[in-house]
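Here the structure comes first, spelled out in structure tokens, and everything after it is commentary.
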There are 2 protein chains.
Amino acid sequence: MEYYRAVFNEFLRARKLKCTGQRDSILDVFLKTERHLTADEIYGLAKKRNPKIGYATVYRTLNLLYEVGLAREVNWGDGKIRYEHKYRHRHHDHLICTKCGKSIEVFDKQLEKIQAKLSREKEFIPTHHQLNIYGVCDKCRKR
Amino acid sequence: MEYYRAVFNEFLRARKLKCTGQRDSILDVFLKTERHLTADEIYGLAKKRNPKIGYATVYRTLNLLYEVGLAREVNWGDGKIRYEHKYRHRHHDHLICTKCGKSIEVFDKQLEKIQAKLSREKEFIPTHHQLNIYGVCDKCRKR
DNA sequence: TCCATTTTGATAATGATTATCATTATCATT
DNA sequence: AATGATAATGATAATCATTATCAAAATGGA
């Protein structure tokens, strides 16, 4: 936690950007929540500890966290970007329940290998990828 | 082609919806283009053969094509929904070049199997999925 | 402390998509 | 072919997430 903050501050210094209370609050909220958060949700949480915080600052800071590699952007096709921890968190994919909106993280080594193979075959240099499996989760099915 | 039109008309009749010139034009444009089109692009093409056509009708018709299963919605994370043929076209995934925006279709049987396995493990009933691999294509790399 | 530079927050702007609603078109039935 | 109930249309307003604008405030090196 302390380490992640240091990573961010180092990034700011290197880019001649400034450390501010708002950026601290937003990073804090982001790090403390082990969930996929939208900008709006982060705004709500950050506002609790710093009521003067504005929407634009949340968006700006999330883009910085994305740039420095602390956050990953996730797109579930509902028109909102979600953010999840990236730094020191292994890549994974998502099962997304279309009934309740909850997500389950999954990982498979073989999957990654096949993706690399497909890219190679097409002489394509992959940078990142996103696999979303939509369906109905256990709980919703039994409901 | 004629068959797809019949499928759509059958769907409309079953839902007590009406066959209209606009719907014909939009379906025609959609079927004749072997590319991933946005609503805006389809609007442009449909307007050529039927200048009176409106934006809203394009969106409404695309949603119908999605419902009847003739179109698949593709989301490449750039804020626009794209449409591609689904009926009698095998499912596939996409390599998306972040330089030129072009896409390459890929398919791997093993990939589908692994996805089914991951779903099973989490007692999740998958309905559909989307895998996007982002990166740089052959042409852009050599440029 | 000073000051150049960056940040901030309020709000306007943007861009894709959807909703509204008065008018028009469709189609099964006469 | 005319009727009428219902659905469709198109122009445009509304929505919603995100980005841009800009004057005022905060930061941090000198």
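A note on names: the letters A, B, ... follow the listed sequences, proteins ahead of strands, and every chain is numbered from 1.
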#### Entry: First encountered from the 5' end of DNA chain D, between B:Gly54 and A:Ile81
B:Gly54
### Task
Please list, chain by chain and in numerical order, all residues satisfying side chain to side chain donor-acceptor pair (under 3.5 Å) with B:His128, sequence neighbours excluded.
none
### Message
Below 4.0 Å from chain A heavy atoms, what is the first contacting nucleotide of DNA chain D and what is the last?
### Response
D:dA17 to D:dG28
### Message
Starting from A:Ile96 and following side-chain heavy-atom contacts under 4.5 Å between hydrophobic residues (I, L, V, M, F, W, Y), which residues can be reached?
### Response
A:Val74, A:Trp76, A:Tyr134
### Message
Applying side chain to side chain donor-acceptor pair (under 3.5 Å), can you list everything that pairs with B:Arg35, at least two apart in sequence or on another chain?
### Response
none
### Query
What residues, two or more places apart in sequence or in another chain, satisfy salt bridge (Lys or Arg N to Asp or Glu O under 4.0 Å) together with B:Glu34?
none
### Query
Of the residues in residues 60-71 of chain B, which ones touch DNA chain C at a heavy-atom distance under 4.0 Å?
B:Arg60, B:Asn63
### Query
Linking Ile, Leu, Val, Met, Phe, Trp and Tyr through side-chain heavy atoms less than 4.5 Å apart, which residues share a cluster with B:Leu95?
A:Leu95, A:Ile104, A:Val106, A:Leu111, A:Ile114, A:Leu118, A:Phe124, A:Leu131, A:Ile133, B:Ile104, B:Val106, B:Leu111, B:Ile114, B:Leu118, B:Phe124, B:Leu131, B:Ile133
### Task
Answer yes or no: does a side-chain N or O of B:Tyr59 lie under 4.0 Å from OP1 or OP2 of C:dT18?
no
### Task
Using side chain to side chain donor-acceptor pair (under 3.5 Å) as the criterion, list what pairs up with A:Glu67, not counting sequence neighbours.
A:Arg15
### Message
Dot-bracket for DNA chain C, please. Rules: Watson-Crick or G-U, both distances under 3.5 Å, ( ) within the strand, [ ] when a pair crosses earlier ones, | for another strand, . otherwise.
### Response
||||||||||||||||||||||||||||||
### salt bridge (Lys or Arg N to Asp or Glu O under 4.0 Å) involving A:Arg60 - partner list, sequence neighbours excluded
none
### Query
So, is the end of the B:Arg90 side chain (NZ or CZ) under 6.0 Å from the ring centre of B:Phe107 and within 45° of the ring's axis?
yes
### Query
Taking only residues two or more places apart in sequence or in another chain, which ones pass side chain to side chain donor-acceptor pair (under 3.5 Å) with B:Lys47?
B:Tyr43
### Query
Using a heavy-atom distance cut-off of less than 4.0 Å, which residues of residues 10-38 of chain A contact DNA chain C?
A:Lys16, A:Leu17, A:Lys18, A:Thr20, A:Gln22, A:Arg23
